[in-house]
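To start, the structure under review is shown below, and the notes come after it.
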Amino acid sequence: MKRFLLFSVLFCFVSALSIHAANRDLVLVDANGKEIKDNVTLNLNKVTDNGFGPQINSGLFVRNTSGKDVNFMVVADIQEMKGENAYLQMCFPSACNVFDKKMKYESQSRNFRAKEKDASLETEFFISKKGSCVVVLKFYTTKSPAKDEKAVPLRLITTVKLKFSGDVMGVENVENALPNTVNEVWTAQGVFVGRNILDLNSLPKGLYVVKQNGKATKVVVGQ
């Protein structure tokens with residue numbers, strides 16, 4: 001009887017794990033496409049500067065593994081923010097937002113198509129000297145339309161904690177490593193602004209898209 005009860009408990013536990021794994025319609029992957037486990041903590045400390053200030057990039061992407069369209073949203077719980085002029089920039093899943101203090105943010109919704117390519121998390125921590133930031137990102141399904149300013153979370157899909165910590169003394173200057181790289185700056189509406197603009201703060205307030213080395217990065221100026 002005891003063996004039967006033990007087997008039943010183990011069976012229920014394994015079944016629960018299987019159901020949880022099956023519910024992960026979206027997963028996080030690194031730059032090499034390796035899947036990140038659910039509810040993991042990542043320590044990020046590589047500081048780079050591509051001409052827009054010292055920053056630590058999450059280097060993560062979101063992948064749709066469900067085989068169907070997934071309407072989702074993100075809840076960002078910023079638990080720590082330290083450092084002079086330090087801030088977290090998050091341009092995912094849709095609009096760009098800048099956070100310079102502890103707070104909780106609920107995003108708009110985004111419909112991730114079944115056959116859509118992996119989407120960059122587009123989350124960076126900017127520092128002027130040294131700083132640290134801890135943010136927990138929770139991905140939920142939602143029925144809210146994209147037009148709603150704040151989506152209503154339904155079922156939890158996956159969770160990740162990002163712990164940023166860096167010092168500009170150890171910065172890897174991407175611009176010096178790629179001296180022939182040309183950057184292009186565009187407005188969010190697709191209007192060309194110029195090339196090789198190193199000081200984005202000289203531009204009017206707004207959202208810009210910086211294209212460099214085959215990648216496009218959204219940058220908010222004036223917040």
Side-chain angles (χ1 to χ4, degrees), residues 19-30 33 35-40 42 57-79 81 87-126 133-162 185-193 204-211 215-223:
I19 292 173
H20 176 69
N23 286 339
R24 292 186 68 196
D25 297 332
L26 304 177
V27 297
L28 293 169
V29 298
D30 62 18
E35 185 174 321
I36 304 298
K37 292 182 179 180
D38 184 36
N39 206 26
V40 74
L42 300 178
N57 195 304
S58 69
L60 298 178
F61 296 79
V62 181
R63 175 178 295 168
N64 186 345
T65 58
S66 69
K68 60 184 179 182
D69 293 358
V70 178
N71 200 50
F72 75 101
M73 56 88 68
V74 179
V75 175
D77 183 8
I78 303 168
Q79 302 176 343
M81 181 66 67
Y87 64 91
L88 182 73
Q89 177 176 283
M90 184 175 173
C91 294
F92 188 89
S94 52
C96 278
N97 291 275
V98 172
F99 311 101
D100 60 2
K101 60 184 178 182
K102 293 191 293 184
M103 64 177 296
K104 182 172 287 188
Y105 164 74
E106 296 177 353
S107 77
Q108 295 174 293
S109 68
R110 171 174 173 176
N111 189 26
F112 204 142
R113 300 295 183 184
K115 296 183 179 180
E116 190 174 339
K117 294 182 179 179
D118 295 350
S120 172
L121 193 58
E122 294 189 272
T123 299
E124 301 89 22
F125 177 54
F126 286 81
C133 172
V134 177
V135 56
V136 176
L137 301 178
K138 292 181 177 290
F139 295 72
Y140 292 88
T141 60
T142 181
K143 292 183 178 180
S144 300
K147 64 179 182 179
D148 288 0
E149 184 177 347
K150 184 185 296 185
V152 177
L154 293 178
R155 176 175 57 82
L156 179 63
I157 303 174
T158 191
T159 302
V160 65
K161 176 183 280 190
L162 305 179
V185 180
W186 300 72
T187 67
Q189 292 72 37
V191 178
F192 179 67
V193 177
K205 294 182 179 180
L207 173 63
Y208 295 88
V209 178
V210 180
K211 298 180 180 180
K215 297 181 179 180
T217 302
K218 296 177 182 178
V219 178
V220 178
V221 175
Q223 287 196 10

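Residues passing the side-chain contact (heavy atoms from CB on, under 4.5 Å) test with L207 are C96, A188, K218, V220, sequence neighbours excluded. Every residue two or more places apart in sequence or in another chain was checked for a side chain to side chain donor-acceptor pair (under 3.5 Å) with D30, and none qualifies. With sequence neighbours excluded, the residues forming a salt bridge (charged side-chain N to carboxylate O under 4.0 Å, His left out) with D118 are R63, listed by chain and number. The ring pair (Phe, Tyr, Trp, His ring centres under 6.0 Å) check on Y87 picks up F126, with sequence neighbours excluded. For A95, the side-chain contact (heavy atoms from CB on, under 4.5 Å) partners two or more places apart in sequence, or in a different chain, are N97, Q108. Legend: residues meeting ring pair (Phe, Tyr, Trp, His ring centres under 6.0 Å) with F99, ordered by chain and number and at least two apart, are Y105.
Minimum heavy-atom separation, V210 to V219: CG2-CG2, 4.1 Å. Here the closest non-hydrogen pair linking M81 and K101 is CG-N, 4.0 Å. Across all non-hydrogen atoms, the minimal contact from P153 to A151 is CD-O, 3.6 Å. The two residues P204 and V221 make their nearest non-hydrogen contact at O-CG1, 4.0 Å.
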- request: Could you walk me through whether T187 and Y208 pass side chain to side chain contact (heavy atoms under 4.5 Å, CB included), step by step?
  value: CA-CA 5 Å; T187 67; Y208 295 88; 4.2 Å; yes
query: Can you list the steps and then say if F125 with V135 is a side chain to side chain contact (heavy atoms under 4.5 Å, CB included)?
result: CA-CA 10 Å; F125 177 54; V135 56; over 6 Å; no
task: Would you please test V160 and V40 for side chain to side chain contact (heavy atoms under 4.5 Å, CB included) and show each step?
output: CA-CA 5 Å; V160 65; V40 74; 4.1 Å; yes
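In this structure, the separation between CD on E35 and CZ on R24 is 5.0 Å, given to the nearest 0.5 Å. Here L28 contributes atom CG and T159 contributes atom OG1; the two are 9.5 Å apart, rounded to the nearest 0.5 Å. In this structure, K117 NZ and K115 NZ are separated by 14.0 Å, a value rounded to the nearest 0.5 Å. How far CG of L162 is from CG of L121: 7.0 Å, rounded to the nearest 0.5 Å. With rounding to the nearest 0.5 Å, the separation of CD in Q89 from CG in D100 is 12.5 Å. The CG atom of L42 lies 10.0 Å from the CG atom of L137; values are rounded to the nearest 0.5 Å.
In this structure, T123 contributes its side chain and F92 its backbone to no donor-acceptor pair below 3.5 Å.
Applying the salt bridge (Lys or Arg N to Asp or Glu O under 4.0 Å) test to pairs two or more places apart or on separate chains, none has a residue in residues 138-150.
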For residues 66-78, which side-chain donor-acceptor pairs fall under 3.5 Å, sequence neighbours excluded?
| residue | atom | partner | partner atom | Å |
| --- | --- | --- | --- | --- |
| S66 | OG | N64 | OD1 | 2.7 |
| S66 | OG | K68 | N | 3.1 |
| S66 | OG | K68 | O | 2.9 |
| D69 | OD1 | A114 | N | 2.9 |
| D69 | OD2 | R113 | NH1 | 2.9 |
| N71 | ND2 | T142 | O | 2.9 |
| N71 | ND2 | S144 | O | 3.0 |
| D77 | OD2 | Q79 | NE2 | 3.3 |

